[in-house]
Protein chains: 2
Amino acid sequence: MPVLTQIAPSGAARTVGQPDALDLLEQFGTTLRVSRDEEVYAEGDPADYCCRVISGCIRTVRLMEDGRRQVGEFLLEGDLFGLEDVGTHDFSAEAVTDSVVRRYPRRMIEALAETRPALSRRLRELMQAGLRAAHERLLRLGRKTATERIASFLAEMDRRSAHAGPTFLELPMGRADIADHLGLTVETVCRVLAAMKRDGVVGIARTGVELRDRRALRALGAE
Amino acid sequence: MPVLTQIAPSGAARTVGQPDALDLLEQFGTTLRVSRDEEVYAEGDPADYCCRVISGCIRTVRLMEDGRRQVGEFLLEGDLFGLEDVGTHDFSAEAVTDSVVRRYPRRMIEALAETRPALSRRLRELMQAGLRAAHERLLRLGRKTATERIASFLAEMDRRSAHAGPTFLELPMGRADIADHLGLTVETVCRVLAAMKRDGVVGIARTGVELRDRRALRALGAE
DNA sequence: CGCAGGGTTGATAGCCTTCAAGGTCTGTGG
DNA sequence: CCACAGACCTTGAAGGCTATCAACCCTGCG
C-alpha cells in the first residue's frame with residue numbers, strides 16, 4: 001500500500017503520484033497501531049525511531065514531577081515527529097485518538113540522508129518548519145492572553161486540518177489537552193470558548209468548533 | 001583569520017584545528033559589525049542569509065501590534081541563527097551588545113548541502129538542537145512559575161556560557177530582555193532575583209549573577 | 001554635577017487558577 | 001431500547017500570582 005504518496009508534505013492533501021523524498025524511507029518503515037491514550041514512545045526512551053502520522057492524532061507530552069503537564073504539539077495526518085530527539089526522547093508521544101503511525105529507524109534515515117540530497121533537504125525543510133512553528137508557539141505562550149491563545153490555536157488547527165467541512169473544525173483532543181498545550185486550565189479553555197460562542201465567533205461541540213467568523217477569530221488571535 | 005575553527009559546535013570552547021563541516025561555508029561568509037540595539041535583520045526581511053555570532057550576544061525579537069514583545073532566544077558566541085526562516089524572517093535579530101556576526105548566503109548553504117553530506121548532517125544537528133531547545137522553552141513558558149522560569153533560564157545560560165569565572169554568570173541582556181524572553185515583566189524579574197538573593201542562591205550585579213548555589217538553582221528551576 | 005536609562009521596591013488591580021458543584025454525552029450492559 | 005456509570009465538559013465563587021502603576025535609586029557619562 002503506497003501510504004506515503006497519499007499524504008502531503010505539510011499534511012494537506014497532495015496529488016497522488018507526486019514523488020516525495022520521504023518515500024525513500026518507506027521500505028524501512030513499519031506500521032504501528034496505537035489506541036487512544038496509548039504511548040508511541042515514552043519520555044526517556046531511546047530515540048531509535050522517527051514517526052509519521054498515517055491517520056489519527058498524536059500529542060507530544062512532557063510531565064513535571066508534580067504532575068504539571070505540557071503538550072508540546074499535536075501531530076495530524078502526514079506530520080512527522082520524534083525527528084528532533086537524539087539519544088532519548090525528550091517528550092513522550094501519545095495517541096489522542098486511535099491512530100496509525102509509521103515508524104522509521106533513525107539509523108536508516110541518517111544513512112540514507114548521507115547519500116540522498118533530496119531526502120536530506122526534505123528533512124531540513126521539515127525541521128525548519130518545526131522550528132518556525134515552535135517559535136510561533138513561544139510567542140503564544142509568552143505574550144498572549146487566554147483568548148488570544150485559544151483563538152490563534154483554533155486558527156492554526158484550521159490551517160493545518162484537512163478541512164472536512166468548510167465551517168466545522170474538528171478537534172480530536174479534549175479540553176484538557178488543549179489547556180496543557182496552551183498553558184491554561186481546562187476551566188479557562190471552557191470559559192473562553194463559551195465567550196467566543198456568545199460573541200458569535202464559533203459554535204461549540206464536544207468534538208470541535210464551528211467557525212462562524214474566521215475574520216473575527218484571526219483578530220482575536222492577535223497575529 | 002580562521003575564525004570558525006575557534007568556535008565550538010555548541011558554543012563551548014573546542015579544540016582549535018578540529019575541522020567543522022561549517023567551515024565549508026567560511027569562504028562565502030562576510031563579517032558584520034553590529035552595535036548595541038542595532039538590527040542584524042528585521043522581521044519581514046528576505047531571509048537571504050544565515051548568521052553566526054562571532055562575538056557578543058544577539059536576540060531574536062517578535063513585536064506585536066500593541067507593543068508586546070517576545071524575545072525568542074539569545075544567541076551567544078558560536079551560535080547560528082536565522083537558519084529556520086524561509087522566504088522572510090519571522091523574527092528580527094538585534095544586537096544585545098556590540099557584536100560581530102558572520103553572514104552566509106542561504107543559497108550557498110543550500111547548494112553546498114546538496115553535495116556535502118557532512119555539512120548537511122551538521123545543519124540537521126543544529127536544527128535538531130534548536131528544536132529541542134525550543135520545546136524546553138515551551139514547557140518553561142507554558143507551565144512554569146516566574147521563579148522557575150528565571151531559575152531555569154539562569155541554569156540554561158550557565159550551561160551555554162563560556163564560563164569566564166566558575167561562579168559569576170554574565171548576563172549581557174537587560175532585565176527587560178529577560179522579561180520579554182520569559183513572558184514576565186521587568187518588575188517580576190527584579191523581585192524574583194531579589195528573592196533568590198535573599199535566599200542565598202545568587203548574588204546580583206547589573207551585568208550578571210553570582211551563582212552561589214547551583215544545586216538550589218536547579219531545584220528552583222524544576223527541571 | 002546633573003541627567004538619563006536602567007534597575008529596584010511598594011501598593012493595588014486583574015487575569016487566570018483553584019476549588020467546588022452540577023451538567024451532558026457516550027458507551028455499556030441489562 | 002433503555003438505564004446507568006463514568007468521563008468529560010461547563011459554570012460559579014474565591015483566591016493567588018503576576019501585571020500594572022508609581023516612585024525612588026543607582027550608576028555611568030557628558
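Numbered from 1 within each chain, the chains take letters A, B, ... in sequence-line order. Every heavy atom of this structure was used, including side-chain atoms; hydrogens, water molecules and symmetry mates were not. From a predicted model like this one, the values you see are computed outputs, not experimental measurements.
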Output all residues satisfying ring-ring contact (aromatic ring centres under 6.0 Å, His included) with B/Tyr49, sequence neighbours left out; order by chain, then residue number.
none
Based on the rotation axes of five pairs at each end, what angle does the helix from C/dC1-D/dG30 to C/dG30-D/dC1 bend through, to 10°?
30°
Going by the rule ring-ring contact (aromatic ring centres under 6.0 Å, His included), which residues pair with A/His135 if we only count those two or more places apart in sequence or in a different chain?
B/Phe91
Does the side-chain hydrogen bond (donor to acceptor under 3.5 Å, both in side chains) test come out yes or no for B/Ser152 and B/Arg140, once each step is laid out?
CA-CA 8 Å; B/Ser152 64; B/Arg140 183 185 285 164; 3.0 Å; yes
Gap between atoms CG and C1', on B/Asp180 and C/dG7 respectively (whole Å):
15 Å
For a 4.0 angstrom threshold against heavy atoms of chain A, report the outermost contacting nucleotides of DNA chain D in 5' to 3' order.
D/dC8 to D/dA13
With a 3.5 Å distance limit and no angle check, can you tell me whether A/His181 reaches the backbone of A/Val71 through a side-chain donor-acceptor pair?
yes
Answer yes or no: is there a donor N or O on one side and an acceptor on the other, between the side chain of B/Arg175 and the main chain of B/Val186, under 3.5 Å?
no
A/Asp66 CG to C/dT18 C1', straight-line distance once rounded to whole Å:
15 Å
Nucleotide by nucleotide, 5' to 3', does protein get under 4.0 Å of the base (B), only the sugar-phosphate (S), or neither (-) in nucleotides 8-17 of chain C, counting heavy atoms?
BBBB----SB
Closer than 4.0 angstrom, basic N to acidic O: yes or no for A/Arg132 and B/Asp85?
no
Does one side chain, of B/Arg36 or B/Thr97, offer a donor that lies under 3.5 Å from an acceptor on the other?
no
With ring-ring contact (aromatic ring centres under 6.0 Å, His included) as the rule and sequence neighbours excluded, what pairs involving residues 198-223 of chain B come up?
none
Please report the shortest heavy-atom distance between B/Arg69 and B/Ala176, naming the atom on each side.
NH2-O, 3.8 Å
Please confirm whether the backbone N or O of A/Leu76 pairs with a side-chain atom of A/Asp79, one donor and one acceptor, at under 3.5 Å?
yes
